[in-house]
Each structure stands twice: as structure tokens, then as C-alpha cells.
Amino acid sequence: MVRSTRPDRSSRRRSSAGLVMAGCLLAASACSSGSGSSASSTSSAGPAAAATSKTAPTQAGQPSSKAAPTSGAATSSGGGPSEPAAPSTSKTKVTLSMVVQPFAFKNFSAVVDLYKTVNPNVTINLTQGGASSAEYIQGISTARLGGKVPDIFETFDVISDQMASDGLTEDLTPWLAKSGDFNRGQFADAFLASYIPRKAPSELHGLPVAADATVVFYNKKIFAESGVPLPTDNWSYATFLSDAQKISAAGKGKFWGVSLQNDGAVPPSIWQAQYQPMIKAYGGHVYDAATNTVGIGEPAAIQAWTQLLAPLEDGGAPSYGTVSGASAPTFAAGKYGMQISVRAQMPSYMTPLKADGWDVVQMPIVNGKHVVGGGSYGMAMAKDGKNKQAVWDFMTWFYSTHGGIHLLEDTYATVPPTKDGIANGTWKTLPAPPANVNAFGAAIADAVIAPALPGKSGAALDAAVLKAVQEVALQHVPIAKAFQEAEATVNTALKAEK
Amino acid sequence: VTQFRLDPPIAVTQTMASGSAVTPRRRRKGRRRGDGVAAFVLVAPNIVAYLLFIVVPAVSGVVISFYSWDLFTTPQWVGLANYRELVSDPAVTSALWHTVLFVALGVVPTILLGFVFAVLLDWQAKFVGAIRLLYFLPLVVSTAVAGVLWSTLFSPSYGMINRLLALVGVTGPTWLASTTWALPALTLVVIWLSLPLVVILYLAGLQRIPKQIFEAARVDGAGPWLRLWAIIWPNVRSTTVLVLVLEILQFLAAPFEVGLIMTYGGPLDATTSLSFYAYRQAFEFGKMGYASAISMVQFFALLLIVCVVGLVIRRWGKRVS
């Protein structure tokens with residue numbers, strides 16, 4: 001007979017001791033891993049050490065930041081903004097760090113390479129930041145706390161105010177004031193406005209790189225296979241919805257009418273560049289600075305949301321489940337007839353959709369207006385950077401006659417956000433596709449520019465809209481109920497914002 | 001001749017034993033001191049790293065939980081305000097529940113599967129090569145890659161899982177967009193990622209069981225099932241305890257990474273664990289103090305789990321005895 005063989009007493013003692021040790025390990029790691037990387041990042045700058053960081057926001061809001069260029073110049077290649085601006089050649093070797101979002105990485109790699117040929121003494125180490133706003137800001141913030149803030153980094157309309165209030169970005173006003181021909185008057189006001197902090201309206205915390213406005217990209221092959229006539233610039237939103245429905249019906253699960261979100265957006269939501277102009281077209285507003293409230297649950301906004309979410313209901317777009325996850329179907333992969341997007345995304349469509357054929361058309365009309373959302377991404381200088389003069393030299397070169405912005409323009413990635421660039425840029429004369437290049441110019445004129453909400457309430461707006469969209473799409477919660485709750489949530493966050 | 005030859009060593013031994021009895025003791029003392037220094041030198045880097053990367057951040061976390069701090073401005077002392085806030089925050093309760101679900105759904109299957117795979121490998125069962133490949137694969141795949149890979153497998157339109165289900169006439173759910181199925185789907189991914197370590201630990205445990213016991217069992221006519229239940233399982237008890245604790249840790253931490261990549265805590269926060277919620281509060285909403293307070297809740301929840309597990313194991317041990 002076989003008896004159960006059990007471990008001896010010593011092995012039992014060992015397992016008890018192991019349990020105690022593991023308990024200690026668990027307890028300690030709960031504190032450190034519980035808030036992800038928060039604890040480790042705060043260890044170097046906890047409350048005790050935060051005295052050093054408290055000066056940053058104070059300075060950011062003070063006109064005395066004019067002193068910054070001088071101090072920046074002292075630590076860099078010498079000379080300040082008073083010296084001749086673009087393009088200057090550095091005599092000493094300087095290495096700069098630069099961070100952009102993944103979509104801009106390829107284009108900026110070419111820009112950095114071009115700058116190396118112009119200014120061989122300056123090396124720019126370009127890296128990618130997070131794809132989502134939250135991850136991107138987190139990366140820059142933690143780099144700064146670790147004393148490794150990138151010298152130059154991408155900023156964009158809806159996060160610019162948060163970056164400024166966090167003391168991450170340098171006020172560029174004094175630099176521009178002393179740069180002679182290169183001045184803020186060259187930029188289109190609508191796009192420059194995104195980089196003016198709410199709490200410091202005399203400052204400027206970034207320069208736009210692209211004048212982006214939404215257009216509808218469409219896949220010619222899918223339209224032909226679906227037997228749907230190609231869209232024209234003066235089409236209505238009803239036609240847009242009906243075309244999407246017809247295409248999805250023809251696609252039978254192989255392709256769909258319209259993608260409601262940008263390619264690769266996880267989790268899928270309705271993009272601000274879609275809902276801002278739609279809500280405005282119905283007479284509502286997203287954010288009212290005077291009352292410091294949002295109106296995404298107001299009756300006008302509910303009408304807008306009903307239109308925006310209609311493709312999910314009528315089959316014009318795939319179900320929410322189909323587009324969830326990292327492997328959702330994309331417009332670039334030829335899975336959609338239409339995609340609402342901006343010029344900055346165009347390079348990612350050009351090669352994969354070459355065989356299918358594609359073009360663009362203006363956004364459809366609602367209540368007599370094209371529902372165009374606009375905005376930009378831009379470049380910012382780190383407030384705590386050590387090579388500010390070298391950064392400024394790069395920025396002035398970037399916007400100069402043979403600078404990087406023209407390289408981006410020639411690779412279809414950008415409509416320059418300058419008055420002259422929008423009106424007379426070479427982007428207008430590039431070979432087709434897109435053939436309907438005027439759609440971009442018209443869109444820029446019609447664009448409703450995204451208002452940046454104060455501080456971190458922009459993140460609350462994103463989260464609340466996502467939650468409401470998911471409630472409607474997955475739990476069939478009435479649109480009015482979902483977005484009224486979302487409005488209340490964001491307004492609470494706005495009140496809490498100091 | 002033999003006697004003559006043996007004498008000198010005996011004499012030497014006697015001299016050492018009587019004449020200089022202090023020397024070996026001194027040597028032993030010196031050796032012990034030397035061992036102590038060596039041990040300290042070897043352990044010191046780990047202790048420093050542990051203090052620096054675990055203890056200091058943990059203590060900082062406790063301190064920060066009493067402050068309102070957005071990473072950039074001066075922290076403001078708020079006392080217990082963060083704790084009061086989390087008591088009334090329904091999202092914390094929901095995240096705590098999801099954390100418990102991750103642990104409850106994931107730990108036991110991981111241990112059982114790991115044990116079974118290890119036994120099959122140890123017995124050199126058929127298809128052992130395939131099993132070895134299966135359990136080694138997650139070791140060479142990063143969590144990010146695993147997240148993308150499994151997102152593709154879970155895709156409702158062209159994912160492998162729903163296609164396999166369709167073969168047997170089952171319509172698969174929209175895994176990652178379902179408030180019901182997203183959490184089990186992520187748990188499955190974490191199980192897959194966790195298996196290699198569990199299998200390796202069990203394999204090590206199995207190697208330690210004396211072969212004579214198996215021989216005796218065979219002589220007594222014990223079949224494979226009886227050997228598995230009566231010999232192997234009780235003898236890997238200490239391994240099971242270790243694996244249990246490690247897997248509780250794993251299922252508290254890994255859903256954060258996998259959830260970040262595959263679902264971003266959704267849909268509708270259905271896969272938001274406590275650590276993910278703390279992460280969002282810290283970096284999306286700039287509430288470092290609140291995030292730290294949430295981490296403290298996780299700490300006490302862990303402590304509770306460890307105590308309960310310890311109690312259960314002690315009772316189990318007594319019952320087996």
C-alpha cells in the first residue's frame with residue numbers, strides 16, 4: 001500500500017518562511033507597483049524635493065521669463081535672440097534631443113537629416129513619444145522630473161495649455177521678438193492661438209507645424225465596387241450617411257462605409273475634430289471660456305451626437321466590437337470607403353492605397369456649413385532645456401525658405417500654418433493624388449479650431465466622451481442620458497481645476 | 001612496514017589535536033568572519049537596489065498619499081482627504097473588484113496548468129517537444145508584443161479564436177469590446193504569459209523528489225494517478241506555495257500592462273484594475289496624491305490576501321499531516 005508521502009517538518013518550515021518573505025515582497029511591491037511608475041518617478045522628486053519644481057510654474061506665468069533666452073544662450077552656442085536668426089551655423093558641437101509622436105517620426109527623421117547637412121555641428125537625437133495624448137504627456141513629464149527633458153518636442157493644440165501650465169514649455173515670445181524677419185505675424189492666427197496659454201495670454205508656448213483641417217478621404221475602388229457615385233464637395237451629411245450605409249451593405253463584412261476614428265486609435269472614440277464642428281453646426285458649443293463649462297450634453301449637442309453616432313446604428317460603420325483592439329481594420333488597409341482625417345495622416349495612406357486609388361473631398365454640409373474641425377501639431381522648446389539657443393536656431397531654420405517645413409510640405413505631410421504657406425504653398429502644386437487639392441484650402445478656411453480646455457480638464461473631456469460613446473455603442477444607453485452625464489463629469493473637473 | 005607507514009600521519013593528527021587545539025577554532029572563526037564579509041559584499045548590491053527601487057518609492061508613496069500634488073507644483077498637505085475621496089469614489093470599488101476577479105480567475109488555472117505541463121515534461125510524455133515550445137514561447141515575447149498578438153487572435157472579424165469557435169457552430173463574442181468577456185480574455189493572456197515561470201518552478205520541484213519513492217510506489221503497484229496525487233502533489237507543496245504567492249503578484253501587476261495595450265482599461269472600465277486606475281489618476285489627471293492613496297488600498301488588499309492565503313495553507317498543511 002502506498003501512503004501519502006508528505007514533506008518533512010523542515011520543508012514545512014521552509015515553506016512558512018518563504019511565505020513570510022513573499023509577504024514582505026508583496027507588501028513592498030504593492031506600494032511601488034501600485035501606481036505604476038508613479039512611485040518610482042516621485043522618489044526623486046517627492047514632496048520634500050518638490051521645492052525645486054515649484055519655481056517652474058511660477059516663472060512660467062511671469063513676464064520675467066524674458067530672462068530665459070539670455071540664460072539659455074549662456075549655456076549653449078553663445079549669443080542670444082538678438083543675434084542674427086535663421087539659419088545660423090553653430091561653431092561648437094551641440095547635441096539636442098527631440099521627441100515627436102509616432103505618426104510624425106518618419107517625416108521628422110528626414111528633417112533632422114536635412115538639418116545635419118546645413119549645420120554639421122548640431123546633432124539631433126530624435127525619438128518617438130507615446131501615441132496617445134496621455135502617454136505622450138506622461139513621457140515628457142517624467143523625462144523632465146528625471147532631469148532629461150528633451151530640448152525640442154512636439155506639442156499640439158489640445159495639450160498645449162496643459163504643457164504650459166505644467167511648466168514644460170518655454171515662452172517663445174521673447175525669442176520671436178528678437179528674431180527680426182521671423183515673427184509671429186507670419187503665422188495664421190487661428191493656428192497660432194492654440195499655443196497661447198489661457199492663464200498667460202501674452203505668452204506663446206509653441207509654433208504650429210501644420211495647418212490641419214478635416215476632409216473626407218475616400219477609396220475609389222471601394223466606391224466603384226459598391227456602385228456608389230464618388231462624393232463631391234457640396235454633399236450633405238445625409239448623403240454621407242447614406243453612402244456609408246450602401247458601401248457597408250456591399251462590403252458584407254469585408255469592408256465598411258466609414259471609419260469613425262483615426263486608424264489605430266485605441267480605444268475607438270469620436271475624435272474632437274469631428275464633434276467640435278458638428279456641435280457648433282447645431283448651434284451648441286463644446287467649451288465656453290466665459291462660464292468655464294462644457295455643453296456636450298445640451299440639446300444642440302445631443303442632435304450632433306445623434307448624427308455622429310448614426311453610422312454605428314445604421315451599419316455605415318462596423319460595430320464597436322469590430323473596431324476595438326490593436327488589430328482593428330484600417331482605412332490604410334483598404335477596409336473603409338471613407339475616413340475623416342487630416343493632411344498630416346496622408347503619407348500613411350499614399351503607398352498602401354496606391355493600387356485602389358483615392359482622393360479627398362470637403363466635409364459634408366450640416367445646416368449650410370461644412371463641418372470641418374481644425375487644429376495643428378507644433379514644436380515646443382523645453383523650459384528646462386540646456387541648449388535653448390541651439391533649439392531656437394533649429395526652429396528658425398525649420399521655418400526658413402529652405403527649412404524643414406518645406407520638406408514636410410513636399411512630402412504631402414503638411415500645409416504650412418503660415419499665411420503665405422496656406423495661400424501660396426507648394427503643397428498646392430504637388431502631383432495627384434489628391435487631385436482635389438482645393439479641398440484642403442477650403443477646409444482650412446472653414447475649420448473650427450479645437451479649444452484647449454484649461455489644465456488637465458482636457459483629459460477629463462476625452463475620458464467622458466469615450467465613456468459616453470461606449471455606453472451608447474455597447475449598452476444602448478440613450479444618447480441624451482450618456483452625454484448629459486459626461487457633461488456633468490467634465491464640468492466637475494473644470495470646477496476642480498485651479 | 002604498514003604500521004611504520006601509518007604512524008607518521010597518526011602522530012601528526014595527535015599533535016594537532018592536543019598541542020595546538022586553538023588553531024582550528026581560530027581558523028573556523030576567521031573563516032566565519034571571512035564568509036560574513038563575502039556574504040555582505042555579495043548581498044549588498046541587491047539590498048541597495050531593493051532599498052532604492054522598492055523601499056524608498058514605497059515610503060514616498062505613503063507620504064505622497066497625504067498630499068495633493070500634480071507632479072509640477074508644490075505639494076499641498078491634505079491629510080486624509082485622498083482617502084476620504086476614494087471611499088466615496090465608485091470607480092475605486094469597481095477597480096478593486098476587477099483586481100480581485102483577475103486574481104481569482106487567473107491564479108488557480110495558471111498553477112494547475114503549470115503543474116500539468118511540468119509533470120508531462122518530467123515524464124517525457126508524447127508531444128513533449130510541442131509542450132516545451134508552447135511553454136517557452138511566452139518567455140521570448142514581450143508583453144507589448146503579446147498584447148498585439150492576442151488582440152489579433154481576439155479580433156471578432158478575422159481572429160483565430162472566433163474562427164475556431166465558428167467551426168464548432170459557436171458564434172464568438174466581441175472579446176475586447178464586451179464588458180462581460182474582456183476581463184476573462186485579458187486573464188487568458190496573463191495566464192499564457194505566466195506559464196513559463198510556473199512550469200520551470202514545478203520542474204525544479206519535481207527534480208527534488210527522491211526516485212526511490214517512485215520505485216517503492218511502483219513495487220507497491222501504484223498507478224500514474226495515485227503517484228501523481230499521493231507522491232508528486234504533496235512533495236511539491238513548497239513550490240505550490242511559492243508559485244501561489246508569485247502568481248498573486250503577477251495577476252495584480254500584469255493586467256495593468258496587458259490592459260493598457262489591449263483595452264486601455266475598457267470597455268467602460270471593465271478591465272480597469274486598481275493599478276491601472278491609479279496610473280490614470282496619476283498621469284492623465286495629475287492626481288499623484290490620490291493615485292498613491294489608491295496604491296495604499298492595493299497594499300492593504302494584498303496584505304489581506306497574503307494573510308488569508310497563509311492561513312489556508314497552514315490549515316491545509318495540518319490536514320495533510
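Note that the structure is predicted; figures quoted are calculated from it, not measured. Below, each value reflects all heavy atoms present in this structure, side chains not excepted, and no hydrogens, waters or symmetry copies. So that the names make sense, note that chain A is the first sequence line, chain B the second, and so on, each numbered from 1.
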Pick one of side chain, backbone, both or neither for Ser178(B), based on which atoms fall under 4.5 Å of a heavy atom in chain A. neither
With a 4.5 Å cut-off on side-chain heavy atoms, are Glu284(B) and Asp462(A) touching? no
Please look at Arg227(B) and chain A and tell me whether the side chain, the backbone, both or neither of the residue comes under 4.5 angstrom of a heavy atom of that chain. neither
Over 12 non-hydrogen atoms of neighbours within 6.0 angstrom of NZ in Lys211(B): yes
Heavy-atom pairs under 4.5 Å with chain B: which of Ser319(A), Ala459(A), Ser457(A) has the most? Ala459(A)
Output yes when a side-chain donor or acceptor of Gln470(A) lies under 3.5 Å from a complementary backbone atom of Leu268(B), and no otherwise. yes
Non-hydrogen side-chain atoms of Leu145(A) and Leu71(B) separated by less than 4.5 Å: yes
Which heavy-atom pair separates Phe285(B) from Ala463(A) by the least distance, and what is that distance? CZ-CB, 4.1 Å
Please indicate whether Trp233(B) has more than 12 foreign heavy atoms, meaning atoms of other residues, nucleotides or ligands, lying under 6.0 Å from its CH2. yes
Quick check on Leu466(A) against chain B: is it the side chain, the backbone, both or neither that has a heavy atom closer than 4.5 Å? neither
So, the part of Leu474(A) with a heavy atom under 4.5 Å from chain B: the answer is side chain
Can you tell if the side chain of Thr142(A) reaches within under 4.5 Å of the side chain of Phe283(B), non-hydrogen atoms only? yes
Using the ring-ring contact (aromatic ring centres under 6.0 Å, His included) criterion, which residues pair with Trp271(A)? Sequence neighbours excluded. none
For Gly321(A) against Pro156(B), the heavy-atom pair lying closest together: O-CG, 3.4 Å
